[in-house]
Amino acid sequence: MSKFWTLLTHLHALAGPVVMLLYPLYASVVAIESTSKVDDEQWLAYWILYSFLTLMEMVLEPILQWIPIWYEVKLAFVAWLVLPQFRGAAFIYGKFVREKLIKKYGSSYFQDKSQSPNGKPKNKLVDFITLKKGEH
């Protein structure tokens, strides 16, 4: 019986990195190489949400260390975000994050299809974040 528990402990320790990082990294590369925009949205949304979750976990660490099942809850949540059957990351982004951004900035802010000098569609938010020094 002790070998069984040892095996479960090792599987449990591997599940987090595989579900939270290895599979999403692989799926993100596949999404970049595919022509479909749907998988791109799913994986961009995943990385946004995973980054936010990691930041919140860092801030709330003193509280979370007192919750004994936090890791299991996080693992289940991230599995829901990752699994293609659920597309949880795209759902949360579309339902909550995007809604908040549209409320704050308006839908036209994210849908400006005018062309930038390099021929790519302009996006005001991305342009604002990536402004070069001296540009206003």
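Heavy atoms only: backbone and side chains are in, while hydrogens, waters and symmetry mates are out.
- By the 4.5 Å heavy-atom criterion applied to side chains, L53 and M56 are not counted as neighbours.
- Side chains of V73 and I67 form no contact here, defined as non-hydrogen atoms less than 4.5 Å apart.
- The closest side-chain heavy-atom distance from Y46 to V78 is below 4.5 Å.
- Under the 4.5 Å side-chain criterion, counting only non-hydrogen atoms from C-beta, Y50 is not in contact with L81.
- L21 is connected to L83 through a chain of hydrophobic side-chain contacts under 4.5 Å among Ile, Leu, Val, Met, Phe, Trp and Tyr, so both are in one cluster.
- The same ILVMFWY cluster, assembled from side-chain heavy atoms under 4.5 Å apart, contains both I69 and L64.
- In this structure, A89 and A45 approach most closely via the heavy-atom pair O-CB, 3.5 Å.
- Members clustered with L22: V18, by chain and number, using a 4.5 Å side-chain heavy-atom cutoff among hydrophobic residues.
- No chain of hydrophobic side-chain contacts below 4.5 Å, direct or via other Ile, Leu, Val, Met, Phe, Trp or Tyr residues, connects F96 to F52.
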Problem set entry | side chain to side chain contact (heavy atoms under 4.5 Å, CB included) evaluation trace for W43 with V29 | CA-CA 9 Å; W43 294 110; V29 170; over 6 Å; no
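- With a 4.5 Å cut-off on side-chain heavy atoms, L75 and M20 count as touching.
- Annotation: side-chain hydrogen bond (donor to acceptor under 3.5 Å, both in side chains) contacts involving residues 22-33, sequence neighbours excluded, comprise S28-W47.
- Residue pairs meeting the side-chain hydrogen bond (donor to acceptor under 3.5 Å, both in side chains) criterion with at least one partner in residues 62-71, sequence neighbours excluded, are E57-W70.
- Clustering ILVMFWY residues whenever any of their side-chain heavy atoms sit less than 4.5 angstrom apart, transitively, puts F77 in the very cluster that holds Y93.
- Under a cut-off of 6.0 angstrom, the local environment of CG in L55 is crowded, with over 12 non-hydrogen atoms contributed by other residues, nucleotides or ligands.
- By the 4.5 Å heavy-atom criterion applied to side chains, V38 and R87 are counted as neighbours.
- Hydrophobic clustering (ILVMFWY, side-chain heavy atoms < 4.5 Å, transitive): F86 and V82 are in one cluster.
- Residues W80 and I92 form a side-chain contact, since some pair of their non-hydrogen atoms from C-beta on lies under 4.5 Å apart.
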